[in-house]
Amino acid sequence: MEQTFLMVKPDAVQRGLVGEVVGRVEDRGLRIVAMKMVTPTEEQGREHYAEHEDKPFYDDLVEFITSGPAVPMVVEGDDAISIVRTMIGATDPAEATPGTIRGDHAVDIGRNCVHAADSPESAEREIAIYFTDDETEDWERVEEGWLYE
C-alpha cells in the first residue's frame, strides 16, 4: 500500500467541489485515511511550496493556499501516487485532459482546484505538514471492524 497527499485547494472548496473530488478518489477504489478542513497558516503554506521559494510566483502560491479553507487528505492504495496524479490532470488546466479533475473543473493555472504529491518523498513531507501520526492511524481501527461490532 502506498500513501499520497491530496488537497482540495481554496478555490475548489469555495465552489463546492470537495464532494466531487472525494467521490472520484473513492470511485477509483482508493481509501481516504485522513481528511480535514483547514485554512492553512502562512507557515504551512511556505512549507508546502518550499521547492518554489526562489521563483517569482512563490509569494502568490503561498497567498492563495492560505486564502481560505482547504481540504488536505491522505489517500492510500496500490500505486496511489500515480493514480491520483493521473486523476487530477496537468497543472495547467488548458493542458489537462477532459475527465480529469482539472480538465473538468479548473479555471486557470493559478486556480487549478487540487494539489497532489508527485513522489513518495513529497507525499511524506506534505502529509507531515498537515497531519500528525495520530490523525493518520485511525484507518487501522476501521480495517479491524470496530465500527461494526
Side-chain angles (χ1 to χ4, degrees), residues 1-55 57-93 96 100-144 146-147:
M1 279 300 159
E2 181 175 68
Q3 286 190 345
T4 192
F5 178 82
L6 174 63
M7 176 185 273
V8 182
K9 292 181 177 180
D11 60 318
V13 171
Q14 182 180 31
R15 292 174 51 210
L17 296 173
V18 174
E20 170 74 17
V21 174
V22 168
R24 287 183 185 217
V25 169
E26 293 180 336
D27 286 347
R28 284 299 302 263
L30 299 170
R31 292 189 277 187
I32 297 173
V33 176
M35 178 173 69
K36 59 185 168 181
M37 183 177 282
V38 299
T39 299
T41 65
E42 184 169 338
E43 181 181 334
Q44 286 173 318
R46 293 196 176 287
E47 195 173 348
H48 184 108
Y49 288 118
E51 69 272 13
H52 300 299
E53 190 171 11
D54 295 332
K55 297 178 182 160
F57 54 84
Y58 173 72
D59 288 334
D60 291 337
L61 288 174
V62 173
E63 183 179 343
F64 170 62
I65 203 72
T66 61
S67 68
V71 179
M73 60 188 90
V74 180
V75 176
E76 182 177 86
D78 291 332
D79 300 317
I81 294 170
S82 65
I83 289 171
V84 169
R85 294 291 297 179
T86 300
M87 285 174 49
I88 70 170
T91 303
D92 184 346
T100 64
I101 294 168
R102 289 175 175 155
D104 292 348
H105 299 290
V107 177
D108 60 46
I109 197 164
R111 302 286 185 266
N112 63 6
C113 295
V114 289
H115 166 84
D118 60 3
S119 68
E121 297 78 22
S122 293
E124 185 176 334
R125 183 182 67 78
E126 293 168 3
I127 288 168
I129 294 170
Y130 297 97
F131 295 96
T132 65
D133 288 342
D134 289 344
E135 291 175 310
T136 61
E137 291 175 357
D138 283 344
W139 185 257
E140 293 171 15
R141 293 180 16 198
V142 174
E143 286 181 323
E144 292 169 4
W146 70 274
L147 290 175

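What you see below is based on every heavy atom in this structure, not just the backbone, and it leaves out hydrogens, waters and symmetry mates. The structure presented is a predicted model; accordingly, all values stated were derived computationally and were not measured.
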### Query
Out of curiosity, I129 CD1 to E43 CD, how far, rounded to the nearest 0.5 Å?
9.5 Å

#### Entry: Single hit among H115, M7, Q44 for side-chain contact (heavy atoms from CB on, under 4.5 Å) with E126
H115

### Query
Where is the tightest heavy-atom contact between D11 and F64, given as atom of each residue plus distance?
OD1-CZ, 3.2 Å

### Distance in Å, T100 OG1 paired with M87 CE, rounded so as to fall on 0.5 Å steps
10.0 Å

### Query
Any sub-3.5 Å donor-acceptor pair from E76's side-chain atoms to M1's backbone N or O?
no

### Message
With heavy-atom distances below 4.5 Å as the criterion, would you say the side chains of P120 and I81 are in contact?
### Response
yes

### Summary
When rounded to the nearest 0.5 Å, the distance separating CD1 of I88 from NE2 of H105 is 13.0 Å

### Message
Does K55 form a side-chain contact (heavy atoms from CB on, under 4.5 Å) with L61? I'd like the steps, not just the answer.
### Response
CA-CA 10 Å; K55 297 178 182 160; L61 288 174; over 6 Å; no

#### Entry: Spacing of T41 atom OG1 and I65 atom CD1 [to the nearest 0.5 Å]
11.0 Å

### Task
Mark yes or no for whether D92, through its side chain, and I109, through its backbone, hold a donor-acceptor pair below 3.5 Å.
no

### Query
Could K36 and F131 be counted as a cation-pi pair, given that NZ or CZ must be under 6.0 Å from the ring centre and within 45° of the axis?
yes

### Message
Which heavy atom of A70 sits nearest to which heavy atom of P10, and what is that distance?
### Response
CB-CD, 4.1 Å

### Query
So how far is it from D79 CG to R28 CZ, rounded to the nearest 0.5 Å?
10.0 Å

## Note on the structure
Here the pair of heavy atoms bringing I127 nearest to Q3 is CD1-OE1, 4.2 Å

### Message
Under 4.0 Å between a side-chain nitrogen and a carboxylate oxygen: does that hold for R46 and E42?
### Response
yes

#### Entry: Nearest atoms (heavy-atom pairs only) where C113 meets L17
SG-CD1, 4.2 Å

#### Entry: Short N-O contact, D108 and R102, less than 4.0 angstrom
no

### Query
Could you state the interatomic distance from CZ (R85) to CG (D118), rounded to the nearest 0.5 Å?
5.0 Å

### Query
Take atom CD in E51; do more than 12 heavy atoms of anything else shown fall under 6.0 Å from it?
yes

### Message
Run the side-chain contact (heavy atoms from CB on, under 4.5 Å) test on M73 and V71 for me, step by step, so that the C-alpha distance in whole Å, both residues' side-chain angles and the decisive distance to 0.1 Å come before the verdict.
### Response
CA-CA 6 Å; M73 60 188 90; V71 179; 4.1 Å; yes

### Query
Any idea which heavy atoms bring Y130 and E135 closest together, and the distance?
O-OE1, 3.8 Å

### Task
Output, in order, the C-alpha distance, side-chain angles, deciding distance and verdict of side-chain contact (heavy atoms from CB on, under 4.5 Å) for M35 and L6.
CA-CA 9 Å; M35 178 173 69; L6 174 63; over 6 Å; no

### Query
At their closest point, which heavy atom of V84 faces which heavy atom of A116, and how far apart are they?
CG1-CB, 3.7 Å

